[in-house]
Amino acid sequence: MSDLRRGLAVLLFILLLSPMGGLAQVRIKDIADVEGMRENQLVGYGLVVGLNGTGDKLRSAVFTRQSLIGVLERLGVNTRDQERQLDTRNVAAVMVTANLPAFARTGSRIDISVSALGDATNLTGGMLLVTPLLAADGEVYAVAQGPIVTGAVSARGAAGSVTRGVPTAGRIANGATVEREVAYSFAGGDRLRLSLRNPDLTTARRIAAVINGSTGGNPATATDPRTVSVSLTGRDSVAFIAQIEQLRVQPDQIARVVIEEASGTIVMGANVRLSTVAIAQGNLTIRITETPQVVQPNALAGGQTAVVPRTNVEVDDQADRRLGILRGGVTLEELVRGLNGLGVGPRDMITILQTIKAAGALQAELEVR
């Protein structure tokens with residue numbers, strides 16, 4: 001009897017790992033994150049100098065003027081008495097943002113993004129002055145400085161201009177130095193939690209089954225659709241996590257149709273199915289064309305030149321459209337082929353899908369953005 005139970009357990013394990021729906025298996029590290037290994041957002045306010053007359057207007061950008069005066073005072077230059085005479089266009093106030101990676105150590109370098117805050121028109125060629133970057137707790141975790149690269153092209157003439165890209169935003173590669181670390185360590189912990197990027201009960205259960213099958217025990221448990229708890233007792237934490245990340249699993253997904261109306265984009269999941277439904281689609285199109293003609297009298301007739309209107313009206317009721325039938329239970333490929341066979345474009349297909357959902361024949365979640 002024990003052999004029979006062992007055989008059933010092995011069969012269940014194989015079924016959990018077997019590919020379904022023709023979808024490829026993926027690594028756990030590509031669909032789940034280790035809880036605690038995360039980035040932290042940093043932000044700072046700074047000044048960019050060295051612009052070629054494309055910076056802020058100091059008379060209208062008060063914050064830029066006050067920041068410039070404060071920087072000069074810290075460097076031993078007193079301009080308070082001459083504040084009204086400051087009239088440079090080579091300085092711009094900017095917001096500096098960065099992501100502090102997990103396990104970033106003191107002295108390591110990170111990339112930063114710079115965006116104009118005032119009425120500067122171009123940051124190309126500017127130099128960001130020393131800017132502290134703060135996290136949500138108000139502490140300084142990095143310091144940024146360096147030349148800005150926008151990747152944009154902007155040229156202006158007397159009667160025209162051309163701009164490619166966004167010249168008021170740029171990046172500095174390795175532009176900030178980490179000054180403070182975010183403490184986190186695997187050592188000493190007895191459990192870790194894997195967080196799924198797309199929560200799903202079936203996927204979480206399969207991840208737990210894969211981990212248990214690879215270790216020969218039961219260290220992993222799916223606690224909810226997003227979380228898989230893994231025991232680290234008696235194991236090398238780093239080596240065990242590296243082993244888990246390379247395991248492959250078949251992710252599951254709900255049947256969903258996502259529609260982006262602004263661009264006419266439609267994306268369907270592999271599990272989308274339709275009940276049998278008949279579809280007829282057509283529009284009434286009226287086209288009016290005006291072709292006025294000039295009537296010229298004979299030379300000796302004594303008449304006047306006149307413009308005679310000529311109007312041509314065409315009505316297209318798309319009478320050649322026929323009722324089409326989409327059979328129930330079709331695959332995604334068959335569904336797309338059937339909708340294309342109706343001869344409709346993406347815009348009309350959006351309306352058709354919404355109507356099918358309203359009729360209760362679309363067995364999927366419809367998300368319209």
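The structure presented is a predicted model; accordingly, all values stated were derived computationally and were not measured.
In the hydrophobic clustering of this structure, I211 groups with L232; members are Ile, Leu, Val, Met, Phe, Trp, Tyr whose side-chain heavy atoms approach within less than 4.5 Å, directly or through other members. A continuous path of ILVMFWY side-chain contacts below 4.5 Å connects V96 to V178, so both sit in one hydrophobic cluster.
With sequence neighbours excluded, no residue satisfies side chain to side chain donor-acceptor pair (under 3.5 Å) with N90. With sequence neighbours excluded, the residues that form a salt bridge (charged side-chain N to carboxylate O under 4.0 Å, His left out) with R369 are E367. T221 pairs by the side chain to side chain donor-acceptor pair (under 3.5 Å) definition with nothing, not counting sequence neighbours. Residues satisfying the salt bridge (charged side-chain N to carboxylate O under 4.0 Å, His left out) test with E181, not counting sequence neighbours, are R105. Under the salt bridge (charged side-chain N to carboxylate O under 4.0 Å, His left out) criterion, E179 pairs with no residue at all, not counting sequence neighbours. Listed by chain and residue number, R197 satisfy the salt bridge (charged side-chain N to carboxylate O under 4.0 Å, His left out) test with D33 (two or more places apart in sequence, or in another chain). By the side chain to side chain donor-acceptor pair (under 3.5 Å) test, S231 is found to be paired with T233, residues two or more places apart in sequence or in another chain being considered.
If you check the side chains of T54 and R89, you find no donor sitting under 3.5 Å from an acceptor. When only modelled atom types and interatomic distance are considered, R193 and S229 share no side-chain donor-acceptor pair under 3.5 Å.
Taking CD1 of I110 as the start and OG1 of T177 as the end, the distance is 8.5 Å to the nearest 0.5 Å. Remark: R248 CZ to Q25 CD distance equals 8.0 Å, nearest 0.5 Å. Rounded to the nearest 0.5 Å, atoms OG1 (T215) and CD1 (I244) are 8.0 Å apart. I31 CD1 to N198 CG: the interatomic distance, rounded to the nearest 0.5 Å, is 8.5 Å. Between L86 atom CG and R65 atom CZ the span is 8.0 Å, to the nearest 0.5 Å. Between L194 atom CG and I241 atom CD1 the span is 8.0 Å, to the nearest 0.5 Å.
Here the closest heavy-atom approach between residue P225 and residue A204 is recorded as O-CB, 4.1 Å. Annotation for D252 and T203: closest pair N-OG1, 2.9 Å, computed over non-hydrogen atoms.
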Go through it in stages, so that I can follow the logic: the residues are V257 and V267, the test is side-chain contact (heavy atoms from CB on, under 4.5 Å), and I'd like the CA-CA distance, side-chain angles, deciding distance and then a yes or no. CA-CA 6 Å; V257 178; V267 179; over 6 Å; no
Given side-chain contact (heavy atoms from CB on, under 4.5 Å), test V149 with I172 step by step and report yes or no. CA-CA 6 Å; V149 177; I172 304 178; over 6 Å; no
Set out, in order, the CA-CA distance, both residues' side-chain angles and the distance that settles side-chain contact (heavy atoms from CB on, under 4.5 Å) for L247 and R27, then state yes or no. CA-CA 5 Å; L247 296 177; R27 297 179 303 176; over 6 Å; no
Verify side-chain contact (heavy atoms from CB on, under 4.5 Å) between I148 and V48, making sure each step is shown before the conclusion. CA-CA 9 Å; I148 300 174; V48 173; 3.4 Å; yes
Please tabulate, for side-chain N and O atoms in residues 123-140, each donor-acceptor pair with protein atoms closer than 3.5 Å (sequence neighbours left out).
residue : atom : partner : partner atom : Å
T124    : OG1  : N122    : OD1          : 2.7
T124    : OG1  : T150    : OG1          : 2.8
T131    : OG1  : L129    : O            : 2.8
D137    : OD1  : E139    : N            : 3.1
D137    : OD2  : Y141    : OH           : 2.7
E139    : OE1  : R180    : NH2          : 3.2

Could you pull out every donor-acceptor pair under 3.5 Å between side chains of residues 356-363 and any protein atom, sequence neighbours left out?
residue : atom : partner : partner atom : Å
K357    : NZ   : A364    : O            : 2.7
Q363    : NE2  : S275    : OG           : 2.8
Q363    : NE2  : G360    : O            : 3.2

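Within 6.0 Å of atom CG in D236, more than 12 heavy atoms from other residues, nucleotides or ligands are found, so the atom counts as buried in its surroundings.
Note on residues 111-123: pairs passing salt bridge (Lys or Arg N to Asp or Glu O under 4.0 Å), not counting sequence neighbours, are D111-R171. Listed by first and then second residue, the salt bridge (Lys or Arg N to Asp or Glu O under 4.0 Å) pairs that reach into residues 215-235 come to none, sequence neighbours excluded.
Counting heavy atoms from C-beta on, the side chains of R74 and V71 come closer than 4.5 Å.
Side-chain N or O atoms of S67 include one that pairs as donor or acceptor with a backbone N or O of F63 at under 3.5 Å.
Alongside V258, the hydrophobic cluster contains no other residue (criterion: ILVMFWY side chains under 4.5 Å).
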